[in-house]
Asks: 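Structure provided below as structure tokens; questions to follow.
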Amino acid sequence: MSDAPAAAPASLDFIREMIAADVAAQRNDGWVITRFPPEPNGYLHIGHAKSICLNFGLSLENAPKARCHLRFDDTNPTKEEVEYVDSIQEDVKWLGFDWGDHLFYASDYFEKLYGFAVQLIEKGLAYVDDQTPEEMRANRGTLTSPGTASPFRDRSAAENLDLFARMRAGEFAEGSKVLRAKIDMASPNMNMRDPAIYRILKAHHHRTGDAWSIYPMYDYAHPLSDALEGITHSLCTLEFEHHRPLYEWLIANVSGLPGQPYQREFARLNLTYTLMSKRKLLRLVKEGFVNGWDDPRMPTISGIRRRGYTPTAVRHFCKTIGLTKYPSLTELNLLEHCVREDLNKHAQRVYGVLRPIKVVITNYPAGQVEHVELTNNPENEADGKRLVPLSGELYIDADDFMETPVQGFHRLVPGGEVRLKYAFCIICQEVIKDEAGNIVELRCTYDDATRHGVKPVGRPKVKGTIHWVSAAHALDVEVRLYDKLFTEEQPEEAAGDAGDFTQFLNPQSLEVVTAKLEPSVAEAKPGSYYQFERVGYFYTDPKDSQPGKPVFNRTVALKDGFVKK
RNA sequence: UACCCCUUAGUGUAAUGGUAACAUAACAGAUUCUGACUCUGUUGUUCAAGGUUCGAGUCCUUGAGGGGUAGCCA
């Protein structure tokens, strides 16, 4: 799937408008430098894709005076792991973006950040607080009442310097002291009520090891890291809106910063039938509701990749949903539309029967096998053709036969006629059942005069065309039929505060069938995209497929224009 | 009952004081050796009330509704 990662959208969103104005005004000499700053504490999901497409997209759109950094915001060693660092890089690359040499870690700035903190202390803008976390919380006030100053708020710079140095040296226990910015305990913005900027954490960091026993807080590290990297536009989601004054306070009060970035916020992605919280996603994995972070039902990048979504489709989706400050809920359907749109252009067509019914063509010469030439992809003739065996014993899909048909059913019925695509028409003469009454076989006759799409004159029109697989040549293949993970559009909302979203897990989110596929798929390479004609799009599972023995994941079903009335 | 942000077809977005539109969804029809794709058409939209203006989705006021915020998480 090859379309280039995105030109600018036709009309500018509020962020792009702002940036265009900055460029026009030659702010930062016309440079646009953005960053995607994940904390390596989990796997990236489709919501992150929105941010990735924005930040890296901006860099592409504003070339050559633009770039986008990948920065790991690794300021909390208790939650972070290299496993996540690796997966995040893989996911960003898969989406089609490239950070070049601009891979950074907040932890690389620890020494500089420490120096800035010393500077703030010297300026009388930060102090060491000995209050317990409980006391701090109590004295912070509430949403409707101001906070109370800490008894330690007016320590001298000298004392603060000494204490902060000893915090770094590891002299104090975790939780016993914290460095706070001295701002305004009465601010209506809770973030400005002397926020903690350093805490004591005697934890092993995945990059700095045991070198530090204090770690900067996000609110402190982020703006300063942005400034150190020369970021011009720091874009984040809406819940950081209240952090903006603090961001600006730090940029204004720390001297010697090489850049003057500013922060703007946009609404995060919400998708129907989808959970986007890392914590809840973790629960699904940990409690075994899904099979790992890359389970094709997961909204993680690794999950949707394994499901068979394409980078082009995801990028196009991100462009389509736009960028606003309205906390919208996007229909999953739109994502699926983008996936089908891309796959329709590129997926190779094959015949596959998910729920086989045996069809015996009684007047077809016994033992005869012929080969029909089928188009691999009608959307792209260059994909060529293939030969598919046809014989007197076939499988068709159970969905394509109804013993007592409903209104509008165009496929095979007792005594009725249907076309086998690119073969001939058959008439169902007899339905054979076992003792339990299950259909085990359909006995049919074919009409040689109906080959090549011919409709003999004077015969009732055959409305249905169905796919088929030759029984003797069919491959038995494991196919995983994925459906939406939840039965509710908004599982969290539906569960309420006290409830548990897992009660809305869709029991039908995964069905594994042994399908009958045409023999050509024996050579299917892991990680390739297929359309099973009339059924859906399928992806060769990259983990579980073996040479000659592919396993397929259903990416998304084809739209079904047939609605039973 | 504090502060901040937001509100345009069912959903997601555009319209930058001058004809309310695009995508998707739904529904019709055409086409089709995929009930897909493609094509055509239909339904349906500015939260409310005032104000400014020749003219308001857009600016102002008030109200309503929604989201966010009280980690030594990010």
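Owing to the predicted nature of the structure, the values given are computational and were not obtained by experimental measurement.
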Asks: Classify the side chain of A/E331 and the base of B/G10 as holding, or not holding, a donor-acceptor pair under 3.5 Å.
Replies: yes
Asks: In dot-bracket, 5' to 3', how would RNA chain B read with Watson-Crick or G-U wobble pairs under 3.5 Å, [ ] for crossing ones and | for pairs to another strand?
Replies: .((((((..((((....[..)))).(((((.......)))))....(((((..]....))))))))))).....
Asks: Could you check B/G71 for me: syn (within 90° of 0) or anti?
Replies: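 B/G71: syn.
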Asks: Output yes if the stacking criterion (under 5.5 Å between centres, under 30° between planes) is met for A/Y422 over the base of B/C33, else no.
Replies: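 A/Y422 ring centre within cut-off of B/C33 base, planes near parallel; stacks.
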Asks: Kindly indicate whether a cation-pi arrangement holds for A/R180 with A/Y127, taking the cut-offs as under 6.0 Å to the six-membered ring centre and within 45° of the axis.
Replies: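 Not flagged: A/R180 not positioned over aromatic ring of A/Y127.
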Asks: Using the P atom as the point on both nucleotides, what is the distance between B/U19 and B/A56, in whole Å?
Replies: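 These two P atoms come out 12 Å apart once rounded.
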Asks: Using the side-chain hydrogen bond (donor to acceptor under 3.5 Å, both in side chains) rule, take A/Y262 and A/D22 through it: C-alpha gap first, then chi angles, then the decisive distance, then the call.
Replies: CA-CA 11 Å; A/Y262 70 77; A/D22 287 340; 2.6 Å; yes
Asks: How is A/E533 classified with respect to the nucleic acid when contacts are heavy atoms under 4.0 Å: base, sugar-phosphate, or nothing?
Replies: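 Result for A/E533 = base.
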Asks: Between A/H48 and A/F36, what is the ring plane arrangement, given parallel below 30°, perpendicular above 60°, and tilted in between?
Replies: perpendicular
Asks: Over all strands shown, is A/H243 touching base, sugar-phosphate only, or nothing at heavy-atom distances under 4.0 angstrom?
Replies: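 Counting heavy atoms under 4.0 Å across all strands, the contact made by A/H243 includes a base.
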Asks: Assess whether a salt bridge exists between A/E229 and A/R35, defined as any Lys/Arg side-chain N lying under 4.0 Å from an Asp/Glu carboxylate O.
Replies: no
Asks: Between atom CZ in A/R268 and atom C1' in B/G68, what is the gap in whole Å?
Replies: 11 Å
Asks: Base, sugar-phosphate, or nothing for A/L201, non-hydrogen atoms under 4.0 angstrom?
Replies: nothing
Asks: What is the nucleic acid contact for A/H242, judged by heavy atoms within less than 4.0 Å: base, sugar-phosphate only, or nothing?
Replies: base
Asks: Classify the ring geometry of A/W293 against A/Y84: parallel below 30°, tilted from 30° to 60°, perpendicular beyond 60°.
Replies: perpendicular
Asks: Name the nucleic acid region contacted by A/L143, choosing base, sugar-phosphate or nothing; use a 4.0 angstrom heavy-atom cut-off, strictly under.
Replies: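 Base: the residue A/L143, judged by heavy atoms under 4.0 Å, touches a nucleobase.
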Asks: Check this for me: does the side-chain of A/R199 come within 3.5 Å of the base of B/G71 through a donor and an acceptor?
Replies: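 Checked by distance alone, the answer is no.
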Asks: So what does A/R349 touch, heavy atoms closer than 4.0 Å: a base, only the sugar-phosphate, or nothing?
Replies: base
Asks: Within the structure shown, what part of the strands sits under 4.0 Å from A/F240 by heavy-atom distance: base, sugar-phosphate, or nothing?
Replies: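 Base, at least one base atom sits under 4.0 Å.
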Asks: Using only modelled atom types and a 3.5 angstrom limit, is any donor from either the side chain of A/E17 or the base of B/U16 paired with an acceptor on the other?
Replies: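 Flag set: donor-acceptor pair detected.
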Asks: Remember a base hit wins even if backbone is also touched, and classify A/S145 as base, sugar-phosphate or nothing at under 4.0 Å, heavy atoms.
Replies: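 Answer is nothing: A/S145 stays at 4.0 Å or more from every strand.
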Asks: What nucleic acid atoms does A/H452 come within less than 4.0 Å of, heavy atoms only: base, sugar-phosphate, or nothing?
Replies: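 Base, at least one base heavy atom under 4.0 Å.
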Asks: With a 4.0 Å cut-off on N to O distance, would you call A/K177 and A/D130 a salt bridge?
Replies: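 A salt bridge links A/K177 with A/D130.
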Asks: Aromatic rings A/Y114 and A/F164: how do their planes relate, parallel, tilted or perpendicular, breaks at 30° and 60°?
Replies: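 Correct class here is parallel.
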Asks: Regarding A/K421, tell me which of base, sugar-phosphate or nothing describes its non-hydrogen contacts under 4.0 Å with the strands shown.
Replies: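 Base, at least one base heavy atom under 4.0 Å.
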Asks: Taking only N and O in the side chain of A/R140, is any of them less than 4.0 Å away from OP1 or OP2 of B/G71?
Replies: yes
Asks: Select base, sugar-phosphate, or nothing to describe what A/P38 touches, counting heavy atoms under 4.0 Å on all strands.
Replies: nothing
Asks: Is A/R207 paired with A/E80 through a side-chain N to carboxylate O contact shorter than 4.0 Å?
Replies: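 No, this pair does not count.
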Asks: When the side chains of residues 373-380 of chain A are checked against the rest of the protein, which donor-acceptor pairs come out under 3.5 Å, sequence neighbours left out?
Replies:
residue : atom : partner : partner atom : Å
A/T375  : OG1  : A/K385  : NZ           : 3.1
A/N376  : OD1  : A/R386  : NH1          : 3.0
A/N376  : ND2  : A/D383  : O            : 2.9
A/N376  : ND2  : A/G384  : O            : 3.4
A/N377  : OD1  : A/R349  : NH1          : 3.1
A/N377  : OD1  : A/E379  : N            : 2.9
A/N377  : ND2  : A/K345  : O            : 3.0
A/N377  : ND2  : A/D383  : OD2          : 3.1
A/N380  : OD1  : A/A382  : N            : 3.2
A/N380  : ND2  : A/D383  : OD1          : 3.4

Asks: Check whether the side chain of A/Q531 and the base of B/U34 form a donor-acceptor pair under 3.5 Å.
Replies: yes
Asks: Just call it for A/G536: base, sugar-phosphate, or nothing, with non-hydrogen atoms closer than 4.0 Å on any strand.
Replies: nothing
Asks: Between A/E379 and A/K79, name the one whose nearest nucleotide on RNA chain B is closer to the 5' end.
Replies: A/E379
Asks: For B/C59 versus B/U16, give the span between their P atoms, rounded off to a whole number of Å.
Replies: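 Going atom to atom, P in each nucleotide, I get 12 Å.
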Asks: When you compare B/U13 with B/G29, how far apart are their P atoms, in angstrom units rounded to a whole number?
Replies: 33 Å
Asks: Looking at every strand, decide which applies to A/T75 at a 4.0 Å heavy-atom threshold: base, sugar-phosphate, or nothing.
Replies: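 Here A/T75 touches the backbone only, sparing every base.
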Asks: Check the phosphate of B/U13 against A/S328, side-chain N and O only, distance under 4.0 Å to OP1 or OP2. Yes or no?
Replies: yes
Asks: Can a side chain N or O of A/R534 be found less than 4.0 Å away from OP1 or OP2 on B/G35?
Replies: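 True: A/R534 side-chain N/O within range (under 4.0 Å) of B/G35 OP1/OP2.
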Asks: Under 4.0 Å between any heavy atoms, over every strand shown, what does A/T142 touch: base, sugar-phosphate, or nothing? Just pick one.
Replies: base
